[in-house]
Amino acid sequence: MSSTANPIMIGLAGQQNAGKSTMFNMLTGANQHIANYPGVTVDKKVGSYRDKEGRVEVVDLPGTYSLTSFSLEERVARDFLLQEKPEVIVNVIDASSLRRGLYFTFQLLEMSFPVVMALNMVDVAEANGHKIDAFRLSEKLGIPVVPTVGRKSKGRAELKQAIRQTAGTRPAPLPIQYGPLEKPLSAILDLLKESESLGQKVPLRWLAIKLMEEDNEGIRLLKEYHKDAGRVLDTVRDLIAAFRKDTNLSPGDHVVACRDQLAVAIVDECVEITGKDRIRFSEKIDRVLLHRGLAPLFLVFTVYMIYELSIVQGYKLTAITWPVLAWVRGTLAGFLPDPGMLNDTILRSLPLWMIDSVNTLLNYVPIFLILFALIAILEDSGYMARIAFILDRIFQSFGLHGQSTLPFILGGVFTGGCAVPGIMATKGIPDERSRMATILTVPYMNCLAKIPLYALLVNIYFAAHQSWVMLFISTITIIMAMIVAKLLTMTILRGQETAPFVMEMPNYHMPTLMGVLRRAFDRTWVYIKKVGTIVVAVAVCVYVLLQFPGVPEERMADYEVRMGIALADFRENIQGTDFAPMLQEDQAILDLLNIATTYREAKMAASSQEASQTVDERYEALHPELFPLLRARTGETRAISRSLRTLTAERGDIRAAIREDTIVYSYFGKVGRALEPVTQFAGFDWKINVALISSFAARESSVATLGVLFQQGADENIALEERMSRESDAFGTTPLHALALMIFFALYPPCLAATIMIKVQTGSYKWMVFSIIFPTLFGLAIASGVFTIGSALNLSGLQAMAGFYVVALGTALLLSFVRDPAWKAEQMASSGIKGA
């Protein structure tokens, strides 16, 4: 074998749960970063290390079971190998599952790459009674085989040495013969050799096998690089038909059988079983965790702990992070133009809007850190695969995946979750169609921000039946999510890629602290970077729609008159004092108001007496002539200070009223009024419409906006519930109206943050827009149906609620029996019906 002194690139490939990430960390240490493969959302981990001969760049490929084109991860890994052509492929194999790992190794060898096998977790294999002869295995495969224990960094030096020695060598000869398939493969190979460009792009024997397997990517490559692709494909079809007729097998099944036979033969020859009757440690654990009666209990406990630790405890950490983010906001605000008397300039309001939007999302970082760490523990330990096993059959009935469980839990199956981490948790779902269905239905769960509106409506309209109504809300969202998932997978998601469900039970492993922390920080950093790039565009759009065209001139004139009266009263109150001359101009009073506001905020942020004293000293130095009014100590200054507080309160009220009018007269506000002819069928008036539209930015805005819009009685310090109740009595609003609103709110589009996450996870603005439009129309149709039918039948709110629940539950049960069209088509194809 030769060596090379040039920098080289290697690909780290292997199946899931083989310890590939641990191996990547072992090789690269801290010198690594995460990006995305072009055009897809799959993470691309890249790192490097140096040996005596130069730099070695390591690309960690997605964990896959094969190199077909079933899943996104498989396509990404295969495209990288074909296009980048790394000098060496390090094939990481779980030594305790050697037979399964060899199947993947054969595919790498068929692609004619120089391969080094990292026989990982040999300690686990030996503990299970499997003693592997690595030297013999190397001879059989014709490639270097290095025993390793990644989590203990054992075998690192030997692996690096093998990588360097293998770089630049010719690939090992193929060890696989396919018997009766060899003759058709030889015929296809002759046809493929007619194209010079094709041989430069891909290994021809590998492509011949892919064509016999009817692989879509293989057919695409043929059509792209072979001038007479149609003739070749006709020949391939004839050869496939002849092979099926002779053997009663599909070429794909025959290929799998040959590889498996070879793997069995190699394992028999290279592995010594020292404890045949010994029960493996993983099997002992599975006898408990996968027990028919206990498995659901362990699953519920696991997801509950994830929910408790990431959402509940993680949210408590925001008490630490939010002050930091608020301090950053305050500091940045200090560099912006000062606030105006009634309005702020766009140079101040827009940057603050952007900062607030970013801060809202960054406030989730503690939750994400804990969530990603817990997910890493579940993945590395091997229990994540068990979760999919337990729930997959139920979820498959609705087009979902067993791994959809965790996103739904985080989204709020237990009232109080959050759609943002729920959508982020869909990252590990291997089936693209199920992943998309999960992403689009997680927002239906009961996130924490929906609760205030539910509580408001329940207290007003269902005070005597609060528990039953909350139970209805908690369960109807799950039922509706299942219905929507089934409808989407049967229609618009029908063309999405699906992957055969591979029910693999990896051995249990103890996760490493560094591995868990590194993955948690890596994934969180990717979130921060992606949010930072997308939030800018979305936040600007929402700002424009909520702030423009602005308050009409006549109403602004009224507010200016009101402010002028307040200023006149203030001047009258300070008349005759030493401060009157310096506060005659409006600008001087505005400066005083702004200084007083920042002074008050700084004093509130001071955590000690010394810090408070420092604030006083700083403001006295900066504003010596006004400081006596900030910290009044004489009778005169106290009187002026009281007048200043009155003026500040009046200014605050006027600015709040202007903000309210800004919403009412904004494009969103106009849309709210324009929608009344449509939403009246659901019982919504323009105020409800505006509240719902404004809640798109954040769910909490719905109640806040209602508080703004239902102003009558606010001056009497009456709670919003009573104010809305008064108007309900006046305008005939009933519990049926409230039910329709709750149903629509449950099916409402995701909030701004969740919408951004949908863009991040799908990598598509198209799906982001769909996630807004579809739930709006679907939710409005359902709410209108419930309200209209309930009104026509003169049903009470509870009666309509019960009827809707029965219909929804019955629909879900019926849909669960509808056969999945994708799997049905696949079965037809595999049985030859399609091609007949």
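You'll find the side chain of R659 stays beyond 4.5 Å of the side chain of Q547, heavy atoms only. Contact check for P339 versus R651: side-chain heavy atoms found under the 4.5 Å cut-off. Under the 4.5 Å side-chain criterion, counting only non-hydrogen atoms from C-beta, M556 is in contact with I658. The shortest distance between side-chain heavy atoms of R673 and N689 does not fall below 4.5 Å. For the pair K670/P549, a side-chain contact is recorded, criterion being any heavy-atom separation below 4.5 Å from C-beta on. In this structure the side chain of F787 never reaches within 4.5 angstrom of the side chain of Q680, judged on heavy atoms. The shortest side-chain heavy-atom distance between S666 and L545 does not fall under the 4.5 Å cut-off.
Counting only residues at least two apart or in different chains, ring-ring contact (aromatic ring centres under 6.0 Å, His included) contacts with residues 562-596 are absent. Screening residues 321-339 for salt bridge (Lys or Arg N to Asp or Glu O under 4.0 Å) gives R329-D356 as the qualifying pairs, with residues at least two apart or on separate chains.
The two atoms that bring T331 and F335 nearest to each other are O-CD1, 3.1 Å, heavy atoms only. Shortest non-hydrogen contact noted between F744 and A783 is CB-CB, 3.9 Å. The nearest pair of heavy atoms linking T477 to A746 is CG2-CB, 3.8 Å. Closest approach of I423 to P443, counting heavy atoms only: CD1-CG, 4.3 Å. Scanning both residues, L440 and F770, for their nearest heavy atoms gives CD1-CE2, 3.9 Å. For the residue pair G683 and H737, the shortest heavy atom distance occurs at O-CD2, 3.3 Å.
Considering CG of L583 and CG of L626, their distance stands at 6.5 Å, rounded to 0.5 Å. To the nearest 0.5 angstrom, L350 atom CG is 12.0 Å from D344 atom CG. To the nearest 0.5 Å, the span separating CG on N343 from OG1 on T662 amounts to 7.0 Å.
Counting heavy-atom neighbours within 6.0 Å of E572 CD, excluding the residue itself, gives a total of 12 or less. For E554, the CD atom counts as densely surrounded, since its 6.0 Å shell holds more than 12 non-hydrogen atoms of other residues, nucleotides or ligands. Crowding of E585 atom CD: a count of heavy atoms from other residues, nucleotides or ligands under 6.0 Å not exceeding 12.
Note on E650 versus R562: salt bridge recorded, some NZ/NE/NH1/NH2 to OD/OE distance being below 4.0 Å.
The aromatic ring centroids of Y619 and Y599 lie less than 6.0 Å from each other.
Partners of Y444 by ring-ring contact (aromatic ring centres under 6.0 Å, His included), not counting sequence neighbours: none found. Taking the side chain to side chain contact (heavy atoms under 4.5 Å, CB included) definition, one finds that R571 meets it with L567, Q584, D586, I589, sequence neighbours left out. Residues satisfying the salt bridge (Lys or Arg N to Asp or Glu O under 4.0 Å) test with R638, not counting sequence neighbours, are none. In terms of the ring-ring contact (aromatic ring centres under 6.0 Å, His included) criterion, Y559 has no residue partners (sequence neighbours excluded).
S764 and K759 are not linked by any side-chain donor-acceptor pair at a separation below 3.5 angstrom, with hydrogens and angles left out of the test. Side-chain contact, Y461 with T734: no donor N or O sits under 3.5 Å from an acceptor N or O. Counted by atom type alone, T634 and T637 present one or more donor-acceptor pairs between their side chains at under 3.5 Å. With no hydrogens or angles considered, a side-chain donor-acceptor pair links R645 and S641 at under 3.5 Å.
Side-chain atoms of T426 do not come within 3.5 Å of backbone N or O of G422 as any donor-acceptor pair. Proximity of a side-chain donor or acceptor of S612 to a complementary backbone N or O of S608 within less than 3.5 Å is not detected.
Note: Y748 and F745 have parallel aromatic rings, judged against thresholds of 30 and 60 degrees for the angle between ring planes.
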